[in-house]
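Notes follow once the structure below has been shown.
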Amino acid sequence: MLDACIKCNISFRRGVFEIFTWEGKIVRNLILMSILSALLILGWQISVRAGEEIEKGAKVFRTCMSCHMVGEGARNKTGPHLNGLFGRPAGSVEGFKYSEAMKRAGAGGLVWDIEHINWFIENPKSLVSGTRMIFRGIKNPEDRANLMAFLRQFSDNPRDIPEAEPTKAPSDPDVHPSILAIKGDKAYGEYLSGECITCHQIDGSVDGIPSITGWLEEDFVTALHAYKNDHRPHEVMRMIAKRLSDEEIAALAAYFAEQ
Amino acid sequence: MKLNRRGFIQGTVATAAALSSPMVLAGGHGKPKVVVIGGGAGGATVARYLAKDSKGAIDVTLIEPTRTYYTCFFSNLYIGGFRDFASIGHTYGKLASEYGINIVHDWAIGVDRDAKTVSLAGGHVLPYDALVISPGIDFVEDSVPGWDISAQNAMPHAYKAGSQTQLLKAQIEAMPEGGTYAMIAPPNPYRCPPGPYERVSMVAYLLKQINPSAKILIFDPKIKFSKQGLFEEGWNKYYSGMIERVDPDFGGANVEVRPDSMELVVDGEVQKVDVCNVIPAQKAGQIAHIAGITDDKGWAPVYAHDMRSKLDDNIYVLGDSSAQGDMPKSGFSANSQAKVCAMAIRAALTGSAKFKAKFSNTCWSLIGKDDGVKVGAAYEATDEKIAKTSGFISQTGEDAALRKQTYEESIGWYEGITADMFG
């Protein structure tokens, strides 16, 4: 039902966004649009809520606009355009020069579904360590959900979005705050690091394998848990991470943060 | 390397009493001494970690005959033309200057386990508190009838990298048009399970460019081999019709060579070839045999928790020479074992913290240009052996982008492991 609503309103909403982009009259038009949407379908309460989310998401998107365009006529800037983002393999926009890390993530099977978009915008480096996207991330889950509600309008066939709750995102990452709070034992981390630096160079050099030195501990922990939970694609890293305990991951994070 | 073993080993197995207590310093003076024999992925790594992590509290001596060490890993890429020879050569300068390791370019020719000394070809005798033996492989005599080390110029093994690798490449480049390269593949267990087949891929890649009508014959005593599906897929794709493998059912295990006439006798039938790459059956490096720490299969059994010899508590064995359980004989494995071993030796000699042993291995192979594959596994120490806990392998039919990334990843690994070995 809602799916139908989305489809019939896509062009209309794109139109609204054009106004937002080029004339800046976003709020009034989005509200109007939401009302219109609501009238077009039966479940109008849901739609109003979605409309609110989109409206809020458009505001969140301002943070992204210096690098990303979305909507009709969008082109690549510092970052790739975001049309058709949902369901698109990572690193696949033609003509955009991606980091090796993003290309590798795409070839390794990373697809921008709601879960991974949510993950990425929360903390880009924790999902794709070598990404060129210089952005600390959006920590508030509601802001992320709203941003995704906004962005999904520009994808024709948004994949992996449950019909009933189009913008529901998992609250976060399977990394529980108690895991992030573990204080790592650096000496143990130094011993464990031996396994890492057979491939990841300790001086931070990158020759086909990303650098893991000087990361914020939280990013490091989140990234390793993402491998451990199969959120990040890479067989070697999944294998390595799966046999590390929470304490060992914290130990490694503490050690590498200071290298 | 020929010498009288019994002359050096005057005692037998060290007494049990010395085992459990922390080791006593040699001669009761100075810092504890560790002597490492062999400067490859096992030896260089263990020496570097001992020196680095003990921060000068352990006196480390590394014995390695070559001034420039050529890694066996990536030497096939040199044959294929993807690396220049200098790029696989490494020297020991940093280990001496930055880590304070005493680098001795000499052959270790004897181990006196009672006196705890190592004797060198140059005449010197080095005392140790702990000895690490990491000499790689040596070849089993008479494993390929007609071949011995005096024939290695006519029929190179190129399975210890260096001049042999250069010789083999030169011979392949000099093959007559439409000529034949033959490989005698080794029986299990041997160094680098996918190595012979990566080599075939690289030889094919080279021949495809300079001598496309040439043929490659593999005589294999094994029914199956590492990454077989991946290699065969690649061979069909890139080198169709060029490579033929003769398995044991068709005489692959029954080959005699005649180096003087460049002939092979396969199941009694004589065949002339232009290049013959003989990779004989393998055993632990000779010094492990001299030290008397090998078993009847020719390898040195070790405990999984610390790589300590099962026959001498003051000796540790790393890499290809060790019989440790499930890990393949690879540079990656040796490097992984070396770090566990360094931690254990440090704990024994200086009382530093001892952590749980963790091992891992990944072997990358290049099949064609930008077409890399990998196989790997994680391991843990059990009382019985190093046991595999999980693993993975590249899949057939992977797309070109992923294969290219796998290859690029292998280049990154090479930079990483060589930095980890040589500083």
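Everything numeric in this text was worked out from a predicted model, so none of it was measured. The chains referred to below are lettered A, B, ... by the order of the sequence lines, with proteins before strands, and numbering in each begins at 1.
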* Structure fact -> Smallest heavy-atom separation, B:F332 atom then A:C199 atom, equals CE1-SG, 4.0 Å

* So which part of B:A353 gets closer than 4.5 Å to some heavy atom of chain A, the side chain, the backbone, both or neither? -> neither

Using atom types as modelled and no hydrogens or angles, find all donor-acceptor pairs between chain A and chain B shorter than 3.5 Å.
| residue | atom | partner | partner atom | Å |
| --- | --- | --- | --- | --- |
| A:K103 | O | B:Q405 | NE2 | 3.1 |
| A:Y191 | OH | B:K356 | O | 2.8 |
| A:G194 | O | B:K339 | NZ | 2.3 |
| A:E195 | OE2 | B:S360 | OG | 2.8 |
| A:T198 | O | B:I417 | N | 3.0 |
| A:T198 | OG1 | B:N335 | OD1 | 2.7 |
| A:T198 | OG1 | B:K339 | NZ | 2.7 |
| A:D207 | O | B:G412 | N | 2.8 |
| A:H234 | NE2 | B:K374 | NZ | 3.4 |
| A:H234 | NE2 | B:E409 | OE1 | 2.6 |
| A:R243 | O | B:K358 | NZ | 3.0 |
| A:R243 | NH2 | B:F359 | O | 2.7 |
| A:R243 | NH2 | B:Y379 | O | 2.9 |
| A:E248 | OE1 | B:K358 | NZ | 3.3 |

* Residue list, salt bridge (Lys or Arg N to Asp or Glu O under 4.0 Å) with A:R132, at least two apart or on another chain -> none

